[in-house]
Amino acid sequence: MSPVSRRRKPKSRSVRSGAPLVVMDPPDQCDCPHCAGDQPTPEQLDSLMPLVDLDAMQDPTEIEVAAAMFLAVGALVGEDFDRALPELFVPTLETTATASARAMLAGIAAICDGDTSCLAAQAAGRLAEAGVDAPAWLAELEIPVVAQECRQFLNPMGETFLLAGMFQRAGRSLAVFVVVDPLDCGAAQEILLIDPDQWDAARRSLRSDLRAGGVSIRDERIQPADFRRAVQEALEVRADHDHDRDVDDLLDDEEGPGYPAFALLLRSWLRALPEPASRPRHRHDGELDIASISALLDRLPGRGRRGAVPRPRSATLPPKRKKSAGPAPIYRIKVGLRGARPPIWRRLDVPGDVTLARLHTLIQVAFDWDDSHLHVFETPYGSFGRPDAELAHRAESRVTLEQVATAVNDKLHYTYDFGDSWEHDILVEQILDRDPAVTYPRCVGGRRAAPPEDCGGVWGYAELVDILADPTHPEHQDRRDWLGLAESTPFDPAHFDAKAITAALQRLR
């Protein structure tokens with residue numbers, strides 16, 4: 001058996017030691033007591049939270065997982081759950097006055113923060129004072145975890161695809177792997193609890209498996225604060241992507257604790273780590289810092305993109321579609337702005353035979369940009385843009401999307417403005433039959449407003465958003481004037497309108 005375990009056991013088994021952790025299916029409609037306006041009964045509590053068998057449990061992490069499962073399901077099936085938890089569920093658990101109730105309250109206190117954590121901890125404390133028994137190890141939940149070792153795994157492009165952390169609490173070791181997808185805006189894909197005794201073996205197994213597949217990776221030790229920042233960003237991106245998904249999808253079809261529960265557990269551990277330092281900001285005083293110099297040098301002929309490995313170029317570009325082959329299918333592509341936090345992306349339906357030159361124009365419109373800078377598409381067949389021998393850019397007007405991306409999950413890289421360096425990942429999500437009732441191209445999804453031109457890249461845009469959100473900032477009015485915002489016009493970085501983008505795309509025809 002692999003040393004890496006997904007910790008998704010059958011419903012009658014525990015995450016670690018064989019203790020029963022029963023996951024109840026969520027109701028079709030929210031019947032939580034808060035929504036019904038009644039005080040919850042023990043029977044209603046049992047229908048929404050895992051059953052806790054303290055006799056079979058052996059360490060506090062299992063209580064944390066049980067509490068996280070309860071909190072994750074409750075948050076998904078009821079919009080009022082955040083208010084119902086401290087007002088109704090915590091008091092009812094205390095009234096139940098059982099060892100399981102005391103343990104669940106301690107678990108809720110460990111997973112939550114703020115007032116809810118305090119209320120749950122106080123309720124658990126009162127049960128302890130009243131003589132409600134519990135295993136001695138339950139008190140360990142009051143001890144913060146400490147990071148022993150944090151690591152990141154980077155692919156040949158210098159992108160993080162795995163974050164690994166070894167923690168300790170009261171002499172017990174805890175280990176977690178966070179799988180990250182660099183091509184999905186850096187979103188967390190899975191959270192895996194692993195046996196701490198297999199920490200080294202799991203990493204060796206991963207490196208060995210990837211080397212056997214011809215993939216060279218870097219395994220680097222990082223500081224706990226950097227680990228906290230990287231994991232929080234991956235969790236935030238995943239949460240943003242999950243925002244519009246159905247509850248049934250989010251609850252995970254697999255048995256046992258799913259991603260939402262493990263995300264809550266991991267967030268509680270991260271709170272005990274050092275606060276990450278603030279990000280570097282884009283300079284506006286005319287001084288050029290080392291990072292900016294490096295970025296400019298990487299744009300010189302003969303030098304690749306910083307941190308990148310030169311992409312292989314195929315000997316032969318696939319031929320263009322022949323007229324006899326009929327109309328091209330529709331490519332559903334996701335265009336994500338790399339490094340944007342929160343994520344900024346567009347989902348577009350375009351004909352597969354669109355030229356890369358035309359695709360560039362469509363992306364410019366989708367992101368409300370002015371096409372006032374250079375750009376390039378990096379593909380498995382070379383780099384395409386405005387023809388430039390020194391930059392080795394071939395003519396984008398002569399090649400189509402379906403030539404350089406032939407199948408679902410194929411990926412391209414698009415960079416606009418070599419100074420601000422707006423880098424985009426383009427993923428082919430689906431290849432669809434044409435719908436005669438639909439006019440293409442169109443925008444079918446996305447998130448947030450795109451940054452304005454010439455604002456200094458992703459870090460400069462983050463600074464711009466902060467300044468515009470603070471009317472007391474000395475540069476606030478100057479930035480509004482630069483953007484041409486009228487006195488009564490708010491700046492809303494969360495604004496996104498797929499219909500307006502579709503209308504703009506179709507005006508190009």
Check: Does any N or O in the side chain of Ser117 come within less than 3.5 Å of the main-chain N or O of Ala109, such that one atom is a donor and the other an acceptor?
Finding: yes
Item checked: Close side-chain approach of Glu64 and Leu141, heavy atoms under 4.5 Å -> yes
Check: Would the Tyr416 and Trp422 ring centres measure less than 6.0 Å apart?
Finding: no
Note to self: Give me the atom names and distance for the closest heavy-atom approach of Val428 to Ala405.
What the structure shows: CG2-CB, 3.8 Å
Check: Counting only N and O atoms by type, is there a donor-acceptor contact under 3.5 Å from the side chain of Ser208 to the main-chain atoms of Arg204?
Finding: no
Notebook entry, point to check: Side chains of Glu423 and Thr415: is there a donor and an acceptor less than 3.5 Å apart?
Noted result: no
Note to self: Does Gln152 form a side chain to side chain contact (heavy atoms under 4.5 Å, CB included) with Arg218? I'd like the steps, not just the answer.
What the structure shows: CA-CA 8 Å; Gln152 66 177 351; Arg218 298 204 313 272; over 6 Å; no
Margin query: Minimum heavy-atom separation for Ala103 and Leu138, please, with both atom names.
Written below: CA-CD2, 3.8 Å
Next item on the list: Using a strict 4.0 Å threshold on nitrogen-to-oxygen distance, state whether Glu94 and Arg102 make a salt bridge.
Entry: no
Check: If only atom types and distance count, is the side chain of Thr92 paired as donor or acceptor with the main-chain N or O of Leu88 below 3.5 Å?
Finding: yes
Next item on the list: Answer yes when Glu140 and Arg172 have at least one side-chain N-carboxylate O distance shorter than 4.0 Å, and no when they do not.
Entry: yes
Checklist line | Distance in Å, Leu193 CG paired with Thr61 OG1, rounded so as to fall on 0.5 Å steps | finding: 8.0 Å
Checklist line | Aromatic ring pairing Phe89/Phe70, orientation class (parallel under 30°, perpendicular over 60°, tilted between) | finding: perpendicular
Next item on the list: State, yes or no, whether a side-chain contact exists between Leu105 and Leu127 at a heavy-atom distance under 4.5 Å.
Entry: yes
Checklist line | Heavy-atom check, side chain of Val444 versus side chain of Arg332, under 4.5 Å | finding: yes
Next item on the list: Could you walk me through whether Leu154 and Asp219 pass the side chain to side chain contact (heavy atoms under 4.5 Å, CB included) test, one step at a time?
Entry: CA-CA 7 Å; Leu154 299 97; Asp219 174 4; over 6 Å; no
Next item on the list: Could you tell me whether a side-chain N or O of Glu62 sits under 3.5 Å from a main-chain N or O of Gln58, the two making a donor and an acceptor?
Entry: yes
Checklist line | Separation between CD of Glu475 and CD1 of Ile467, rounded to the nearest 0.5 Å | finding: 4.5 Å
Notebook entry, point to check: When you look at CD of Glu142, are more than 12 heavy atoms from neighbouring residues, nucleotides or ligands closer to it than 6.0 Å?
Noted result: no
Margin query: I'd like to know if Glu220 and Arg151 make a salt bridge, using a cut-off of under 4.0 Å between side-chain N and carboxylate O.
Written below: no
Next item on the list: Look up atom CE in Met69 and atom CG in Leu265, then write down how far apart they are to the nearest 0.5 Å.
Entry: 11.5 Å
Margin query: So Gln148 and Ser173, do their side chains get closer than 4.5 Å, heavy atoms only?
Written below: yes
Note to self: Strictly distance-based, threshold 3.5 Å: is any side-chain N or O of Arg346 a donor or acceptor partner for the main-chain N or O of Ala366?
What the structure shows: yes
Checklist line | Short side-chain to backbone donor-acceptor contact, Asp420 and Asp417, under 3.5 Å | finding: no
Margin query: Between Glu87 and Leu85, is the side chain to side chain contact (heavy atoms under 4.5 Å, CB included) condition met? List the steps.
Written below: CA-CA 6 Å; Glu87 293 180 6; Leu85 181 61; over 6 Å; no
Note to self: Between Arg447 (side chain only) and Ile344 (backbone N and O only), is there a donor and an acceptor less than 3.5 Å apart?
What the structure shows: no
Margin query: Can you confirm whether Phe377 sits close enough to Ile363 that some side-chain heavy atom of one is under 4.5 Å from a side-chain heavy atom of the other?
Written below: yes
Note to self: In terms of relative ring orientation, are Phe167 and Trp269 parallel, tilted or perpendicular, with 30° and 60° separating the classes?
What the structure shows: tilted
Check: Between Arg338 and Glu159, is the closest basic N to carboxylate O distance under 4.0 Å?
Finding: yes
Next item on the list: Give the minimum heavy-atom separation between Ala188 and Tyr259, together with the two atoms involved.
Entry: CB-OH, 3.6 Å
Notebook entry, point to check: Which heavy-atom pair separates Gly186 from Val180 by the least distance, and what is that distance?
Noted result: O-CG1, 3.4 Å
Checklist line | salt_bridge(Glu236, Arg238) N-O dist < 4.0 Å | finding: no
Notebook entry, point to check: Between the side chain of Ser421 and the main-chain N/O of Phe418, is any donor-acceptor distance below 3.5 Å?
Noted result: no
Notebook entry, point to check: Would Lys411 and Asp425 pass as an ion pair if we require N to O under 4.0 Å?
Noted result: no
Check: More than 12 foreign heavy atoms under 6.0 Å from CG of Asp492: is that the case here?
Finding: yes
Note to self: Could you tell me if the side chain of Phe177 sits less than 4.5 Å from the side chain of Ile191, heavy atoms only?
What the structure shows: no
Next item on the list: Answer whether the closest heavy-atom distance between the side chains of Val145 and Ser268 falls below 4.5 Å.
Entry: no
Item checked: Donor-acceptor under 3.5 Å (His424 side chain, Tyr414 main chain) -> yes
Checklist line | Value rounded to 0.5 Å, distance of CD in Glu378 from CG in Leu412 | finding: 10.0 Å
Checklist line | Distance (rounded to the nearest 0.5 Å) between Glu463 CD and Leu468 CG | finding: 10.5 Å
Notebook entry, point to check: Nearest heavy-atom pair of Pro196 and Met166: which atoms, and what distance?
Noted result: O-CE, 3.7 Å
Check: If you look at every heavy atom in Leu264 and Leu71, which pair is closest and at what distance?
Finding: CD1-CB, 3.8 Å
Margin query: Pair His495, Arg448 - check side chain to side chain contact (heavy atoms under 4.5 Å, CB included), show working.
Written below: CA-CA 5 Å; His495 176 74; Arg448 301 183 69 86; over 6 Å; no
Margin query: What's the separation between atom CG in Leu119 and atom SG in Cys112, rounded to the nearest 0.5 Å?
Written below: 10.0 Å
Checklist line | Flag side-chain contact, heavy atom, 4.5 Å: Arg229 against Glu275 | finding: no
